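Presented below is the structure to which this report refers.
Small disclaimer: the values here were computed from a predicted structure and weren't measured. Side chains are part of it too, since the values below use all heavy atoms of this structure and drop only hydrogens, waters and symmetry mates.
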Amino acid sequence: EKLEAAKAVLKKYGQEQLLSNYEKLSEESKSKLLDEILTVDFNQISELYNSRGAKQVYSDSEIEPIAYVEKEKMSKEEKEKYDQIGIEKIKEGKLAVVTMAGGQGTRLGHNGPKGTFDIGLESHKSIFEILCDTLKTAEKKYGVFVTWYIMTSKENNDATVKFFEDHDYFGYPKDKVVFFKQGQLPMIDTKGKILIGEDGLIKQAADGHGGIFLSMKKNGIIYDMKSRGIEWAFIGGVDNVLVNMVDPVLLGLAIDKKVLAAGKSVVKAGP
């Protein structure tokens, strides 16, 4: 029944090649492949493939810089005002932190999740521990452990969770650390055909940082945040080791200006 349903779906979208090695697979792999076929959003794949050469038209759009505030040029009163608003929300547990950590440390010459990399400090702390230190500093300041959501990937989830367990969560409360996996999309060739991996199953790759909101929704993270009373989430990449993730001024500014999203950046000293 499953096989017939899979065949019908594949015929509809011209992806019959996915069953070309079906008979050579083990029973377990056969079942896995059919499950994958029946859960893939072939419509999305078709739309993405067909839109690859589409020209974006911006003639009706006015593109202009977004409003920004230079922290250094804020008056003492402004800074205190935003700081106060932000601190109040942090103390109420309204802020969470999300770290995008789905990548491997391959380009760093490291075998394992990027967050487990030792960046060469005398302390030999990993990136994860350095980020955790900023959250522990925030706890000392505001008296609250900010919930830390960590987005892993299919490739590195188990290794990441094990790393935290082996290091006793760096002294951070275990119930305040939540792991969830990044979304994946099937890989396709230049003709729009979905590729098969050496294991006979659909070849997939992480869908990138842009998929984080959908991943949060699909993994029940949005629901989890709401159940904890969280209203704001600071999202950052794992490799930004210097970032202040619990920033009351940024939070206070976003709340005061009534915006849905706010970002912060450092002006480059050079190109």
Side-chain angles (χ1 to χ4, degrees), residues 95-142 144-185 187 197-199 203-216 218-219 221 224-225 230 232-247 250 263-271:
L95 176 74
V97 163
V98 182
T99 299
M100 298 181 286
Q104 296 291 80
T106 319
R107 281 180 293 178
L108 298 167
H110 173 62
N111 183 25
K114 197 185 284 184
T116 65
F117 182 60
D118 170 352
I119 64 170
L121 300 179
E122 278 184 34
S123 62
H124 292 291
K125 286 181 178 180
S126 63
I127 293 175
F128 278 136
E129 187 168 0
I130 295 165
L131 293 176
C132 192
D133 283 348
T134 68
L135 296 177
K136 289 197 281 192
T137 301
E139 190 275 329
K140 287 189 179 79
K141 254 187 189 177
Y142 312 116
V144 63
F145 284 106
V146 173
T147 306
W148 188 14
Y149 295 90
I150 299 169
M151 185 176 79
T152 62
S153 60
K154 188 180 175 185
E155 292 78 26
N156 78 6
N157 182 73
D158 292 351
T160 301
V161 174
K162 187 177 185 304
F163 188 77
F164 270 77
E165 286 171 350
D166 289 349
H167 291 83
D168 199 24
Y169 287 74
F170 312 107
Y172 211 68
K174 192 177 174 179
D175 66 321
K176 291 289 184 181
V177 182
V178 182
F179 299 98
F180 68 101
K181 289 181 196 170
Q182 187 171 6
Q184 290 198 302
L185 281 173
M187 295 171 79
E198 286 175 17
D199 56 3
K203 204 172 172 67
Q204 301 198 56
D207 62 4
H209 286 173
I212 187 166
F213 300 108
L214 196 55
S215 296
M216 285 166 70
K218 282 183 176 174
N219 285 280
I221 298 301
D224 187 80
M225 286 180 171
I230 292 162
W232 294 88
F234 179 91
I235 300 175
V238 71
D239 34 20
N240 192 349
V241 291
L242 295 177
V243 70
N244 175 17
M245 302 179 286
V246 185
D247 184 342
L250 176 69
K264 61 176 176 177
S265 60
V266 178
V267 178
K268 281 188 177 182

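Using a 4.5 Å heavy-atom cutoff, the side chains of Q184 and E155 are in contact. Q204 places none of its side-chain heavy atoms less than 4.5 Å from the side chain of M187. A heavy-atom distance below 4.5 Å is not found between the side chains of T116 and I127. With contacts defined as side-chain heavy-atom distances shorter than 4.5 Å, the pair L135/V97 qualifies. Counting heavy atoms from C-beta outward, I119 and F117 have side chains that approach closer than 4.5 Å. In this structure, F180 and I150 have side chains that are not in contact, with every pair of non-hydrogen atoms separated by 4.5 Å or more.
When all heavy atoms of V146 and A96 are compared, the closest pair comes out as CG1-CA, 3.8 Å. What you find for W148 and F128 is that their closest heavy atoms are CH2-O, 3.6 Å. Shown here for G115 and S126, the closest heavy-atom pair between the two residues is O-CB, 3.6 Å.
Note that the OG1 atom of T137 and the NZ atom of K141 stand 8.0 Å from one another [nearest 0.5 Å]. For the atom pair OG1 of T152 and NZ of K181, the computed distance is 6.5 Å after rounding to the nearest 0.5 Å. For the atom pair OG1 of T99 and CZ of F179, the computed distance is 10.5 Å after rounding to the nearest 0.5 Å.
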Return a table of donor-acceptor pairs under 3.5 angstrom between the side chains of residues 234-246 and protein atoms on other chains or two or more places apart.
residue	atom	partner	partner atom	Å
D239	OD2	K114	NZ	3.1
N244	OD1	V246	N	3.3

Per-pair distances, 0.1 Å, donor-acceptor, side chain in residues 208-216, under 3.5 Å, sequence neighbours excluded:
residue	atom	partner	partner atom	Å
S215	OG	G183	N	2.9
S215	OG	G211	O	3.0

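Within the structure, the salt bridge (Lys or Arg N to Asp or Glu O under 4.0 Å) test picks out the following pairs touching residues 117-129 (sequence neighbours left out): K125-D133. Sequence neighbours left out, the pairs with a member in residues 163-180 that pass side chain to side chain donor-acceptor pair (under 3.5 Å) are K162-D166.
For D224, the side chain to side chain contact (heavy atoms under 4.5 Å, CB included) test picks out Y149, V178, S227, R228, with sequence neighbours left out. Partners of A206 according to the side chain to side chain contact (heavy atoms under 4.5 Å, CB included) rule, which considers only residues two or more places apart in sequence or in another chain, are Q182.
Under the 30°/60° scheme for interplanar angles, the aromatic rings of F170 and F163 are found to be tilted.
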Evaluate the criterion side chain to side chain donor-acceptor pair (under 3.5 Å) for residue pair N156 and S153; output intermediate values, then yes/no. CA-CA 5 Å; N156 78 6; S153 60; 3.3 Å; yes
